[in-house]
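First the structure, in the form of structure tokens, and then the observations on it.
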Protein chains: 2
Amino acid sequence: MNYKKQYIPPTLTVDLVLFQIINNELCVLLMKRPNDPFKGMWALPGGYNPESETTMEALNRIVKNKIGIDTNKDLSYIEQLYTFDTVARDPRGHAVSVTYMGCSQNLNIDKAPNEIAFFPVAKLPKTAYDHADIVHYAHKRMSSKITYTNAAFAFLADTFTLTELQFVYEAIFDRKLDKRNFRKKFLTLNLISETKKIQKVGAHRPAKLYKFKSKSIEELARSFE
Amino acid sequence: MNYKKQYIPPTLTVDLVLFQIINNELCVLLMKRPNDPFKGMWALPGGYNPESETTMEALNRIVKNKIGIDTNKDLSYIEQLYTFDTVARDPRGHAVSVTYMGCSQNLNIDKAPNEIAFFPVAKLPKTAYDHADIVHYAHKRMSSKITYTNAAFAFLADTFTLTELQFVYEAIFDRKLDKRNFRKKFLTLNLISETKKIQKVGAHRPAKLYKFKSKSIEELARSFE
DNA sequence: GCAAAAGTGTTTGGGATACACCCATGC
DNA sequence: GCATGGGTGTATCCCAAACACTTTTGC
């Protein structure tokens with residue numbers, strides 16, 4: 001096993017695609033790069049994964065440092081997305097980036113150490129690297145995720161109205177759904193239960209509040225849509 | 001960017017889960033490890049991914065060296081599966097493994113440089129590392145892949161009978177399907193077309209031969225099952 | 001009373017499921 | 001002629017899709 005002595009691994013990085021729904025639009029968190037390369041451009045939060053850290057550990061550390069978010073506490077869901085053989089971020093050579101996709105709900109990003117913002121996925125600014133591609137790949141994954149699992153819970157508060165739930169689907173699918181069919185379908189899926197609370201906002205009939213029976217990923221009995 | 005000088009990446013490895021259907025069973029290719037660790041145990045073919053190689057390039061090189069297979073020519077399909085933060089393969093520390101899932105059809109493995117064999121996924125031998133978990137993860141992925149895409153083409157010769165196609169689904173789903181319903185459904189999906197050839201084997205009615213209209217991944221209009 | 005969002009049922013068509021017999025061939 | 005696998009049709013049920021009005025509230 002002599003060759004192990006000479007073995008030099010490629011640079012390993014981790015990146016996060018963080019989704020949140022704002023004003024009924026699917027948005028993604030981007031950070032303005034403070035340094036070269038791509039200084040001043042918007043990019044996914046991410047960084048170097050050194051030896052002795054798992055990719056999740058590295059991601060957690062980096063995201064905490066760069067944007068002040070704790071992936072364990074502040075995200076309602078996270079999963080590994082894909083590993084990209086990206087164009088060199090590091091002048092030394094080829095870099096491999098393990099990407100994660102996460103969701104949050106009403107995240108407070110005011111105290112972030114860097115300039116960060118949520119952008120609608122449909123109107124991304126010019127981004128560094130191939131990050132726009134990664135966001136679209138993640139969007140597609142999330143779209144199928146909510147069709148065959150209960151993943152929509154990750155975008156909602158603990159209790160929510162059926163209209164809010166429908167807006168999550170509409171934002172991610174990027175199309176309108178029929179209100180009656182949506183409700184009928186979702187209620188028969190047996191994933192959510194009525195609470196005794198109601199939401200009173202504005203000059204109209206108050207809405208019943210529901211909650212997900214489980215907030216871990218479950219596959220649907222009948223796939224959605 | 002001083003810290004880049006100190007940055008040491010983790011070991012990066014690539015591994016291949018290669019599926020083939022043999023005797024109507026879903027099988028996976030394993031290689032007997034010639035060296036420690038896990039010397040003598042069965043494992044997925046894989047190896048170190050050095051700097052300056054993409055994961056696909058490294059996989060191609062390693063698989064060619066270790067088992068004499070060209071991932072470009074000998075596989076009917078390949079995709080990235082998942083990146084595992086595996087237990088250390090290398091005594092130096094934590095290793096990250098990018099895994100791929102591929103399919104072959106009637107592969108010739110007689111001239112492989114190492115001892116390799118196909119094992120039914122349902123009856124795996126004791127495997128090195130977490131490789132049994134990786135195989136089952138890949139199996140699950142393949143199972144959904146054939147439900148919403150035409151991926152079954154990857155397990156079949158250029159032309160095939162409907163019974164052979166059904167056997168692919170049965171092997172991967174690990175259950176019997178109704179012959180009439182399967183045929184009706186598949187023919188209305190409009191993915192395959194009749195050829196003018198027929199297959200005559202054995203003392204029974206000959207079978208029409210079909211072919212896939214496309215041998216690249218396409219999503220089905222209506223998901224299967 | 002009126003604006004605004006919540007809530008609610010029925011009809012129709014298509015596809016999934018269940019199920020059993022005839023057909024073409026080699027020997 | 002018989003064993004073997006190829007090939008075919010129908011009835012039922014459930015679900016998806018289409019579609020519009022009533023209810024409850026704040027002002």
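So that the names make sense, note that chain A is the first sequence line, chain B the second, and so on, each numbered from 1. Every value quoted in this text rests on a predicted model; they were computed, and no experiment measured them. FYI, side chains are in, hydrogens and waters are out, and symmetry mates aren't considered; it's all heavy atoms of this structure.
- In this structure, A:Lys185 atom NZ and D:dA18 atom C1' are separated by 16 Å, rounded to whole Å.
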Please tabulate, for side-chain N and O atoms in residues 131-139 of chain A, each donor-acceptor pair with protein atoms closer than 3.5 Å (sequence neighbours left out).
| residue | atom | partner | partner atom | Å |
| --- | --- | --- | --- | --- |
| A:His131 | ND1 | A:Leu44 | N | 2.9 |
| A:His136 | ND1 | A:Ala132 | O | 3.1 |
| A:His139 | NE2 | A:Ile172 | O | 2.8 |

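- Listed by residue number, the members of residues 197-207 of chain B with any heavy atom below 4.0 angstrom from DNA chain C are B:Gly202, B:Ala203, B:His204, B:Arg205, B:Pro206.
- Under the salt bridge (charged side-chain N to carboxylate O under 4.0 Å, His left out) criterion, B:Glu57 pairs with no residue at all, not counting sequence neighbours.
- Every ring pair (Phe, Tyr, Trp, His ring centres under 6.0 Å) that A:Phe182 has, sequence neighbours left out, goes to A:Tyr169, A:Phe186, A:Phe224.
- Residues from residues 153-180 of chain B placing a heavy atom under 4.0 Å of any atom in DNA chain D, listed by number, are B:Thr163, B:Lys179, B:Arg180.
- Ion pairing between A:Lys176 and A:Glu170 holds under the 4.0 Å rule for side-chain N and carboxylate O.
- Residues forming a salt bridge (charged side-chain N to carboxylate O under 4.0 Å, His left out) with B:Lys184 (at least two apart in sequence, or on another chain): none.
- Aromatic ring centres of B:Phe84 and B:Tyr82 lie closer together than 6.0 Å.
- A straight line from CG of B:Leu187 to P of D:dG6 spans 15 Å, rounded to a whole angstrom.
- Listed for the B:Asp74 side chain is a donor-acceptor partner under 3.5 Å among the backbone atoms of B:Asp70.
- Heavy atoms of A:Arg183 sit under 4.0 angstrom from at least one base atom.
- When the ring pair (Phe, Tyr, Trp, His ring centres under 6.0 Å) test is applied to B:Tyr148, no partner is found at least two apart in sequence or on another chain.
- Taking for each of B:Asn181 and A:Ser223 the nucleotide of DNA chain D with the nearest heavy atom, the 5'-most of the two is the partner of B:Asn181.
- With sequence neighbours excluded, no residue forms a salt bridge (charged side-chain N to carboxylate O under 4.0 Å, His left out) with B:Lys200.
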Enumerate donor-acceptor pairs with a distance under 3.5 Å from any side-chain N or O in residues 14-30 of chain B to protein atoms, sequence neighbours excluded.
| residue | atom | partner | partner atom | Å |
| --- | --- | --- | --- | --- |
| B:Asp15 | OD1 | B:Arg89 | NH2 | 3.4 |
| B:Asp15 | OD2 | B:Ser97 | OG | 2.6 |
| B:Gln20 | OE1 | B:Ser104 | OG | 2.6 |
| B:Gln20 | OE1 | B:Leu107 | N | 3.2 |
| B:Glu25 | OE2 | B:Lys123 | NZ | 2.9 |

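- With sequence neighbours excluded, no residue satisfies salt bridge (charged side-chain N to carboxylate O under 4.0 Å, His left out) with B:Lys213.
- Using a 3.5 Å distance cut-off with no hydrogens or angles, the side chains of A:Thr195 and A:Thr159 do not pair a donor with an acceptor.
- Extent of DNA chain C lying under 4.0 Å from chain B heavy atoms, first and last nucleotide in 5' to 3' order, is C:dG15 to C:dG26.
- A:Lys184 comes within 4.0 angstrom of a base, heavy atoms only.
- Comparing the axis of the opening five pairs of the helix from C:dG1-D:dC27 to C:dC27-D:dG1 with that of the closing five pairs yields an angle of 0°, rounded to 10°.
- Between the side chains of A:Thr55 and A:Asn49, no donor-acceptor pair is found at a separation under 3.5 Å.
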